[in-house]
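Data first, discussion second: the structure below is written as structure tokens.
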There are 2 protein chains.
Amino acid sequence: MLVRWMGDDPAMTKEDRLGIFIRKLLSHSPLSPDDQQSIRDLPFNIRRLEANEHILREGEKATVCPVLLQGYAYRQKTSADGGRQIVALKIPGDALDFQSLYVETADHSLQALTPVELAVFAIKDFEKLVAPRPNLARAVLVDILIEASIGREWLLNIGRRNALARLAHLLCEIFYRVQQIAQQDVSGFDLPLTQEQLADLLGLTPVHINRTIKLLENAGAVRRISRRLTIGDLGILQQMADFSDIYLHRNTVSAV
Amino acid sequence: MLVRWMGDDPAMTKEDRLGIFIRKLLSHSPLSPDDQQSIRDLPFNIRRLEANEHILREGEKATVCPVLLQGYAYRQKTSADGGRQIVALKIPGDALDFQSLYVETADHSLQALTPVELAVFAIKDFEKLVAPRPNLARAVLVDILIEASIGREWLLNIGRRNALARLAHLLCEIFYRVQQIAQQDVSGFDLPLTQEQLADLLGLTPVHINRTIKLLENAGAVRRISRRLTIGDLGILQQMADFSDIYLHRNTVSAV
DNA sequence: CGGTCTCTTGACCTCTGTCAAGTAGAGTGG
DNA sequence: CCACTCTACTTGACAGAGGTCAAGAGACCG
């Protein structure tokens, strides 16, 4: 069974939909019930975007603080000769732009990978929320630090692993991250990524991604049904990937 | 004239030596005179390490907050097959491990590139310093965010640029960063990096670094005297590198 | 002045990129 | 339900950037 998990049930009440964001923060930082309620009490809008639409453009100044409720998004940078590199992948529950709370100009652009739904807070509201709550301030910081840690692992991945291990590693990471937030078994998880997007995530070309997927498939590490890619054997995949989840910093912070 | 700039004059008084750290923070964040004095009033020790010594090992828990006064340092990660990737380069004035103030376990190791001198604060002292001072807390955060921005640029560099542009880009970045903090002309700046270290910074091999340096030299972009590499023509180098300094976020934060 | 580390160079190899043509799904409209 | 279209995927042949191996030369250090 292939499931394309894109977030919690969209039929929930608007306020309940923030649950996935709070769950994400709790996965790495302790928050009191009062802290959690303060997030739910914050005013926000739901915004829908199509795949590939920009959430924030390089050079712009952000005015809002978006959180991903449904779908996937990414940060990208481009080189002068048109090369595109995806420098971060965001999944449901992730805050998309804590950076803009503290730095004026975006150094990269932020786009929807699939159709997405965002919870959009006003920056000022969010700042007022965090200022008097050290636990929340720390949760924001730890969130930023974990993204930085993932970025370092990607540097190792792209700089020093071959195409096979590189792809396997990315698949492991996505699986772990989605499994952690999904609150359901996603072992039959169906990735919403095209081969071109995988190429831009890994510093490779779409043609080579295609060939590498075939190798993973022959090894039994992944399975494909029509165009949908899913994990076949996580053990094999992890071994091929040289994967360890330490860099995801899951639950490594002491309790409050 | 080749100068190997390694930091401010080591003959200054112990307290004055913190000036380079304060200057670094001021380069991106506003701090009141009182904030600045509060840093100078903090107790700290000077610690010297030889090249390649560990400052913090992957998996360890930090107990101190080190700041680089003299020399260069780096963060590194290694893959299962022994591949080494340097994931961040730190220059004099840089704080080396703000991360450990907020996250328990190091996900990478931190080592001296050259012989270094560190100002070492106790984590508890540093936390007490920052807690009641929002400007300082913000400066720490912005420092973390700028390092993350540099990491994203490195991902683009390693993922999508060829060896020539990749090396040129790194040299531009180091030049800009050193020039910003050095308070003197470093146009004859002599890089303290071996070709093997350059390779580990860029996801290449030492042999290919050697060949690429020769290309840069032939183009007039860099010069070498004996084994020392320096910038010949920054304009040419920047053009070959597809370099823009936006991602360094210099003075992009509004005044207090 | 011998030892060691780094740099240099050539020959060869291979992983990944490029190009180009063909195929297969997914979606749309009739 | 079928034709049509668009996009993504697939495949093969070939090219080339960068890696590997190995030997020698040049610096630096005690």
Side-chain angles (χ1 to χ4, degrees), chain A residues 2 4 50-52 72 79 81-86 113-115 157-170 190-218 222-230 240, chain B residues 2 4 50-52 72 79 81-86 112-115 157-170 190-218 222-230 240 242:
Chain A
L2 282 189
R4 178 162 288 190
E50 292 308 307
N52 300 316
Y72 293 72
S79 61
D81 64 353
R84 172 172 97 140
Q85 180 68 43
I86 294 178
L113 180 82
T114 64
N157 206 30
I158 293 178
R160 287 297 180 210
R161 294 199 183 99
N162 64 23
L164 190 69
R166 227 187 273 189
L167 177 56
H169 194 282
L170 177 67
D190 156 35
L191 293 167
L193 296 160
T194 66
Q195 294 183 3
E196 190 181 3
Q197 288 160 345
L198 284 169
D200 288 336
L201 280 157
L202 294 171
L204 295 166
T205 54
V207 173
H208 202 66
I209 290 288
N210 184 291
R211 295 192 260 247
T212 308
I213 289 176
K214 220 188 314 180
L215 293 179
L216 286 179
E217 202 181 8
N218 291 341
V222 305
R223 269 200 296 268
R224 280 189 292 176
I225 299 168
S226 89
R227 285 181 174 176
R228 309 188 144 213
L229 184 63
T230 186
M240 295 175 103
Chain B
L2 283 189
R4 178 163 290 191
E50 292 309 307
N52 301 314
Y72 293 73
S79 61
D81 63 354
R84 172 173 97 140
Q85 180 68 42
I86 293 177
L113 180 81
T114 64
N157 206 31
I158 293 178
R160 287 300 180 207
R161 295 200 184 99
N162 63 24
L164 191 70
R166 224 186 274 189
L167 177 57
H169 193 283
L170 177 67
D190 156 36
L191 293 167
L193 296 160
T194 67
Q195 295 183 4
E196 189 180 4
Q197 288 160 345
L198 284 168
D200 289 337
L201 280 158
L202 294 171
L204 295 166
T205 55
V207 173
H208 202 66
I209 289 288
N210 184 292
R211 295 193 259 248
T212 308
I213 289 176
K214 222 188 311 180
L215 293 179
L216 285 178
E217 202 179 10
N218 291 342
V222 305
R223 270 200 296 269
R224 280 187 293 177
I225 299 169
S226 91
R227 285 182 176 174
R228 310 188 143 212
L229 183 63
T230 184
M240 295 175 101
D242 172 28

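Below, chain A is the first sequence line, B the second, and so on; all start at residue 1.
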Can you tell me the distance, in whole Å, between the [atom1] atom of [X] and the [atom2] atom of [N]?
| X | N | atom1 | atom2 | answer |
| --- | --- | --- | --- | --- |
| D200(A) | dA8(D) | CG | P | 12 Å |
| L202(B) | dG18(D) | CG | P | 11 Å |
| N162(B) | dC15(C) | CG | P | 21 Å |
| L193(B) | dC7(C) | CG | C1' | 15 Å |
| L198(B) | dT8(C) | CG | P | 11 Å |
| I225(B) | dT6(C) | CD1 | C1' | 18 Å |
| L215(A) | dT10(D) | CG | P | 13 Å |
| L191(A) | dC9(D) | CG | P | 12 Å |

So does K214(B) get a side-chain nitrogen or oxygen closer than 4.0 Å to the phosphate oxygens (OP1/OP2) of dT9(C)?
yes

Taking only the side-chain nitrogens and oxygens of N210(B), find out if one of them lies under 4.0 Å from OP1 or OP2 of dT8(C).
yes

Hey, are R223(A) and E217(A) close enough for a salt bridge, meaning a charged N less than 4.0 Å from a carboxylate O?
no

Does A163(B) offer a backbone N or O that forms a donor-acceptor pair with the side chain of T212(B) under 3.5 Å?
no

Kindly say whether R161(A) contributes a backbone atom to a donor-acceptor pair with the side chain of R166(A) at under 3.5 angstrom?
yes

For nucleotides 17-28 of chain C, read 5' to 3', which letter fits each nucleotide if B means a protein heavy atom sits under 4.0 Å from the base, S means only the sugar-phosphate is that close, and - means neither?
BBB----B-S--

Pairwise distance [atom1]([X]) to [atom2]([Y]) - rounded to 0.5 angstrom:
| X | Y | atom1 | atom2 | result |
| --- | --- | --- | --- | --- |
| L167(B) | Q195(B) | CG | CD | 9.5 Å |
| L164(B) | R211(B) | CG | CZ | 14.0 Å |
| D242(B) | N157(B) | CG | CG | 8.5 Å |
| L216(B) | R224(B) | CG | CZ | 9.5 Å |

5'-most by nearest nucleotide on DNA chain D - A163(B) or E196(A)
E196(A)

With a 4.5 Å limit on heavy-atom distance, are the side chains of I213(B) and L229(B) in contact?
yes

Rounded (10°) bend between the five-pair end axes of the helix from dC1(C)-dG30(D) to dG30(C)-dC1(D):
50°

Out of dG18(D), dT10(D), dT9(C), minimum distance to the side chain of Q195(A) belongs to dT10(D)

Does anything in residues 193-204 of chain A pair up under salt bridge (charged side-chain N to carboxylate O under 4.0 Å, His left out), and if so which pairs, sequence neighbours excluded?
R84(A)-D200(A), D200(A)-R160(B)

